[in-house]
**Q** 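Starting off with a structure, shown below.
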Amino acid sequence: SGFRLKLIRYSGMATFARMRTGTLAFVVMAFVGSSCSFAHAKPYLDSTKIAVLESIQDNIFNDRFAVADSISRTLVVQYPADPMGYLMSCSALLAEMTDREEDLFGDKIGYLLDTAEQTAKAIADTADTSTQAWMHLLIGHTKAYRSLYESRFGSFTSAVRQGLSAKKEYGKARLLDSSLYDVDAGLGSYHYWKSVKAGFFRWIGLFRNDRNRGITELCRASESSLISRQSARSALIWVWLDAHQYDSAIAIAKEMLQKYPKGRAFLWPLAEAYFQKKDYNNAISIYTQIRELLASDPGNYYNIVECDYYLVRSLESIEDRTKAQEKAAQLHDYYVHIPPRTRERQFGHISYLKRIAAGQ
């Protein structure tokens with residue numbers, strides 16, 4: 001969608017907040033081996049729990065956030081000493097907040113992450129090596145989730161600190177079990193976005209350029225991880241967009257849409273890829289589809305403004321001035337309903353729509 005989230009320059013993990021699907025991709029990375037049978041110290045998922053986790057993932061990617069949260073809360077009731085249910089519930093809530101561009105569940109997310117981290121640490125204290133690796137992976141996820149939340153709704157400094165802490169936990173998991181390929185989903189995104197956003201700090205040598213390493217890790221996770229494969233593929237869409245590999249981004253987004261057709265998660269990057277590729281007719285088609293999905297539940301109107309902005313820019317680019325002015329004029333229908341905070345965040349895009357609507 002162009003993405004309008006606050007960019008975090010110096011923490012690779014925090015830069016997941018750059019884009020909607022990048023965030024959704026990460027929040028479902030927690031669908032890994034967290035539901036192992038701790039009573040028997042077995043670090044493997046059984047088929048029943050794998051099916052539950054995949055159901056949560058399917059519901060998140062299809063915008064059925066309440067259903068995903070409900071399933072997660074059932075897991076909390078069934079396995080209160082397992083971090084999985086708490087982390088899954090957080091995944092659903094954070095995904096909905098990202099989708100709606102609004103801090104809806106901040107206090108609840110803090111509780112869920114605290115509980116998930118505490119239970120994972122308790123298990124790791126007495127577990128075998130393989131289970132310890134899973135627990136450090138989950139603790140890493142809790143840190144990464146905090147980074148995501150802070151980068152969008154809280155403190156820049158905290159986002160950076162939590163992002164670096166997430167990377168450290170992923171490193172511990174990797175040292176304990178080098179075959180735990182789900183770790184690559186987290187490390188891959190960290191290494192790529194840290195390299196892209198490090199800016200001056202990379203130039204003076206404080207950060208290495210690990211873009212290729214990050215891509216390799218994400219590709220490995222997409223092929224070999226236990227349950228993070230789809231999440232890693234989703235993350236790769238935004239990597240290819242950033243790398244201007246638009247055809248690759250489009251190909252994966254289309255594949256993911258076939259698998260998760262009910263939500264907007266993969267429509268946004270598909271539309272952006274077409275727009276950046278200057279394939280404006282296809283961009284118009286996808287943004288129109290998103291606009292129709294948003295119409296019945298506009299939320300705080302951030303996404304409506306975003307969609308109208310790119311629709312009008314695309315129409316202007318194909319020199320359909322009349323249609324562009326007509327679409328821009330839609331702003332008048334809902335402007336009075338836009339909350340002050342959204343008007344502030346979308347000031348530039350709103351100003352553009354007003355100018356085009358006025359025929360300027």
**Q** Transitively linked via ILVMFWY side-chain contacts under 4.5 Å: Phe347 with Ile356?
**A** no
**Q** Ring centres under 6.0 Å, that's the criterion: do Tyr352 and Tyr309 meet it?
**A** yes
**Q** Is it true that Glu117 and Lys121 have a side-chain N and a carboxylate O under 4.0 angstrom from each other?
**A** yes
**Q** Please name the residue in the list Lys354, Lys327, Arg313, Arg291 that meets the salt bridge (Lys or Arg N to Asp or Glu O under 4.0 Å) test with Asp308.
**A** Arg291
**Q** Please determine if Asp63 and Lys262 form a salt bridge, counting it only when a charged side-chain N lies under 4.0 Å from a carboxylate O.
**A** no
**Q** Go through the steps for Glu217 and Tyr181 under the test side-chain hydrogen bond (donor to acceptor under 3.5 Å, both in side chains), then give the verdict.
**A** CA-CA 9 Å; Glu217 288 167 333; Tyr181 295 115; over 6 Å; no
**Q** Taking CD in Glu319 as the centre, count heavy atoms belonging to other residues, nucleotides or ligands within less than 6.0 Å. Is the count above 12?
**A** no
**Q** Looking at Arg100 and Asp297, is any side-chain nitrogen of the basic one under 4.0 Å from a carboxylate oxygen of the acidic one?
**A** yes
**Q** Are any of the side-chain nitrogens in Glu223 or Arg229 under 4.0 Å away from the carboxylate oxygens of its partner?
**A** no
**Q** Please determine whether side-chain contact (heavy atoms from CB on, under 4.5 Å) holds for the pair Arg345 and Glu101, giving the CA-CA distance in whole Å, both sets of side-chain angles, and the decisive distance to 0.1 Å.
**A** CA-CA 11 Å; Arg345 295 174 64 202; Glu101 290 285 345; 2.9 Å; yes
**Q** Are Leu175 and Leu180 linked, directly or through intermediate hydrophobic residues, by side-chain heavy-atom contacts shorter than 4.5 Å (ILVMFWY only)?
**A** no
**Q** Test side-chain contact (heavy atoms from CB on, under 4.5 Å) on Val160 and Glu150; report intermediate values, then the result.
**A** CA-CA 9 Å; Val160 173; Glu150 291 293 334; over 6 Å; no
**Q** Looking at Ala283 and Ala271, what are the two nearest heavy atoms and their distance?
**A** CB-O, 4.0 Å
**Q** What's the separation between atom CG in Leu164 and atom NZ in Lys194, rounded to the nearest 0.5 Å?
**A** 10.0 Å
**Q** Side chains of Gln230 and Tyr260, heavy atoms from C-beta outward: is any pair under 4.5 Å?
**A** yes
**Q** Test side-chain contact (heavy atoms from CB on, under 4.5 Å) on Asp279 and Asn282 and set out the steps.
**A** CA-CA 6 Å; Asp279 185 347; Asn282 271 320; 2.9 Å; yes
**Q** Using the side-chain hydrogen bond (donor to acceptor under 3.5 Å, both in side chains) rule, take Ser179 and Asp177 through it: C-alpha gap first, then chi angles, then the decisive distance, then the call.
**A** CA-CA 5 Å; Ser179 67; Asp177 187 352; 2.6 Å; yes
**Q** side-chain hydrogen bond (donor to acceptor under 3.5 Å, both in side chains) for Asp69 and Ser72? Distances and angles first, verdict last.
**A** CA-CA 5 Å; Asp69 183 44; Ser72 301; 5.3 Å; no
**Q** Kindly determine whether Gln57 and Ser231 satisfy side-chain contact (heavy atoms from CB on, under 4.5 Å), including the steps that lead there.
**A** CA-CA 9 Å; Gln57 175 176 264; Ser231 302; 3.5 Å; yes
**Q** Would you check if the side chain of Gln346 reaches a backbone N or O of Tyr302 as a donor-acceptor pair within less than 3.5 Å?
**A** yes
**Q** A side-chain contact here means heavy atoms from C-beta on lying under 4.5 Å apart; do Trp134 and Met84 qualify?
**A** no
**Q** If you round to the nearest 0.5 Å, how far is CG of Leu138 from NZ of Lys143?
**A** 13.0 Å
**Q** Spell out, yes or no, whether Tyr79 and Ile139 are grouped together once hydrophobic residues are joined by side-chain heavy atoms under 4.5 Å, including indirect joins.
**A** no
**Q** How many angstroms lie between atom CG of Leu137 and atom CD of Glu169, to the nearest 0.5 angstrom?
**A** 10.0 Å
**Q** Does the ring center of Tyr170 lie less than 6.0 Å from the ring center of Tyr190?
**A** no
**Q** Atom CZ in Arg213, atom NE2 in His191: separation rounded to 0.5 Å?
**A** 3.5 Å
**Q** Does any non-hydrogen side-chain atom of Val52 lie less than 4.5 Å from one of Leu75?
**A** yes
**Q** Under a 3.5 Å cutoff, is there a donor and acceptor pairing between the side chains of Tyr310 and Glu272?
**A** no
**Q** Tyr192 and side-chain hydrogen bond (donor to acceptor under 3.5 Å, both in side chains): which single residue from Asp242, Asp210, Thr216 fits?
**A** Asp242
**Q** Looking at CD1 of Ile237 and CE of Met256, how far apart are the two atoms once the value is rounded to the nearest 0.5 Å?
**A** 6.0 Å
**Q** Could you walk me through whether Asn62 and Asn59 pass side-chain hydrogen bond (donor to acceptor under 3.5 Å, both in side chains), step by step?
**A** CA-CA 5 Å; Asn62 280 310; Asn59 279 293; over 6 Å; no
**Q** Report, one line per pair, each donor and acceptor closer than 3.5 Å where one atom sits in a side chain of residues 103-116; sequence neighbours left out.
**A**
| from | atom 1 | to | atom 2 | distance (Å) |
| --- | --- | --- | --- | --- |
| Asp103 | OD1 | Gly106 | N | 3.3 |
| Asp103 | OD1 | Tyr149 | OH | 3.4 |
| Asp103 | OD2 | Tyr149 | OH | 2.7 |
| Asp114 | OD1 | Arg146 | NH1 | 3.4 |
| Asp114 | OD1 | Arg146 | NH2 | 2.7 |
| Thr115 | OG1 | Tyr111 | O | 2.9 |

**Q** Measure from NZ or CZ of Arg343 to the centre of the six-membered ring of Tyr301 and say whether it is under 6.0 Å with the direction within 45° of the ring axis.
**A** no
**Q** Applying ring pair (Phe, Tyr, Trp, His ring centres under 6.0 Å) to Tyr287 and Tyr274, what does each step give before you reach the verdict?
**A** CA-CA 10 Å; Tyr287 279 122; Tyr274 280 132; 9.7 Å; no
**Q** How close do Ala68 and Ala92 get, heavy atom to heavy atom, and via which atoms?
**A** CB-CB, 3.9 Å
**Q** At their closest point, which heavy atom of Leu353 faces which heavy atom of Val305, and how far apart are they?
**A** CD1-O, 4.2 Å
**Q** Indicate yes or no: does Asp247 engage Lys277 in a salt bridge with an N to O separation below 4.0 Å.
**A** yes
**Q** State plainly whether one hydrophobic cluster holds both Met135 and Leu176, where clusters connect Ile, Leu, Val, Met, Phe, Trp and Tyr through side-chain heavy atoms under 4.5 angstrom apart.
**A** no
**Q** Going by ring-ring contact (aromatic ring centres under 6.0 Å, His included), name the residues that satisfy it together with His244, two or more places apart in sequence or in a different chain.
**A** Tyr246
**Q** Are Val312 and Ile318 connected in the hydrophobic side-chain network, where two residues link if heavy atoms are under 4.5 Å apart?
**A** yes
